[in-house]
Structure formats: structure tokens, C-alpha cells
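In this text, all values refer to a predicted model and were calculated from it rather than measured experimentally.
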Amino acid sequence: MTAHVGRKQPNSAKIATLLAIALAILAGCATQHPNTSPDEDAAASSPPPSPAKPSPPPTDLGGKWKFTTGSGSCLMAFSANPGAADGTIAPAGGCPGAFFTSRKWSYEHDRLILRDHKGNVLVELSFADGHFQGQGPTGAVTLAR
């Protein structure tokens, strides 16, 4: 057995610690995107803001409305809480064309959209002078109190 005088064996615990620190520093650098600060990286990984709540119609839709087209008219009862952006429709008998199938309404992008029992769009109406108006399959359509 020979003695090693003046020569120290490397301390493996110190080397392992230094290696772990170096790897942690490198891993932190790798997660930062080039040309961005750590604050910008944190902002990029946060969830996107939730979409804006739809704006309510310009008038309370709850209640009875007279629906008129070029081929006839009928009454429609709209259900809605004040300020709601959607609700249901109960058409009275005799609504012209496919409008007797009206079941839902929604207010999107400044338009009142009437949908049938399958969710298909029947007509889109804009608000002017206290009533809704638009173009249906048989011509002009109005919805007034």
C-alpha cells in the first residue's frame, strides 16, 4: 500500500453540489425566451383574459312583441331577465313562414338573432326607432311592442 502524500482526493460531494448548481443555472436560462425579461416570460405563461361579457340589448326584451313580415304577423313572447343577452321565445299560433319554430334569441354584435328549435338562425335584426328591423327570407321583418 502506498501513501499519497501531498495529494488530496477530490471531494465528490463538493463536485456533485457544484454540478447541481451549474445545471440549475443553465436550466433557468433555458426557460427564458430570447430577447425577453423574466417578467415578460411570466406574463406570456399566464392564462388569457376571459372574453368580454356580451352587451345586453338596447331595450328590455321580456314580454310580448308583434312580429311582422311581408306575409303576415303574430305575437311572440320573449323571456328574459333585465340586462340578459339571450333568452327564449314562445310564438303564438299563426306566425308566418318558418318563424312559428322560433325558440331562442340572443343579442350579439348589436344584432338580435332569432333561432329555431334546432338552433338555426331565422333572422338577424337591428334596433332603430324603438323597434327591431331586418330582412327575412320573404322581405322586411319588424319586431315592435
Counting C-beta onward and ignoring hydrogens, is there a side-chain heavy-atom pair between [X] and [Y] closer than 4.5 Å?
X      : Y      : result
Phe99  : Ser71  : no
Val121 : Leu114 : no
Leu143 : Val123 : no
Ser102 : Leu122 : yes

*Kindly indicate, with the supporting measurements, whether the criterion side-chain contact (heavy atoms from CB on, under 4.5 Å) is fulfilled by Asp86 and Lys104.*
CA-CA 7 Å; Asp86 60 5; Lys104 295 185 184 269; over 6 Å; no
*Going only through I, L, V, M, F, W and Y residues with side-chain contacts under 4.5 Å, is there a path from Phe127 to Leu125?*
yes
*Parallel, tilted or perpendicular: which fits the ring planes of Phe78 and Trp105, with parallel below 30° and perpendicular above 60°?*
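The rings of Phe78 and Trp105 sit tilted, inter-plane angle from 30° to 60°.
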*When you measure from the side chain of Thr142 to the backbone N and O of Gln133, does any donor-acceptor pair fall under 3.5 Å?*
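No.
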_Main-chain N/O of Ala84 paired to Asn81 side chain as donor or acceptor, under 3.5 Å_ =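 No: the side chain of Asn81 does not pair with the backbone of Ala84.
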*For atom CG of Asn120, is the number of surrounding heavy atoms from other residues, nucleotides or ligands below 6.0 Å larger than 12?*
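Yes, enclosed.
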Distance (rounded to the nearest 0.5 Å) between [X] [atom1] and [Y] [atom2]:
X      : Y      : atom1 : atom2 : result
Ser106 : Leu112 : OG    : CG    : 7.5 Å
Arg103 : Lys118 : CZ    : NZ    : 12.0 Å
Phe67  : Leu75  : CZ    : CG    : 12.0 Å
Glu124 : Phe132 : CD    : CZ    : 13.0 Å
Thr88  : Leu61  : OG1   : CG    : 11.0 Å

Minimum heavy-atom separation for [X] to [Y], with atom names?
X      : Y      : answer
Gly62  : Ala80  : N-CB, 4.1 Å
Cys95  : Met76  : SG-CE, 4.2 Å
Ser73  : Thr68  : CB-OG1, 3.7 Å
Arg111 : Ser126 : NH1-CB, 3.4 Å

*With Pro96, which of Val141, Thr69, Thr138 fulfils side-chain contact (heavy atoms from CB on, under 4.5 Å)?*
Thr69
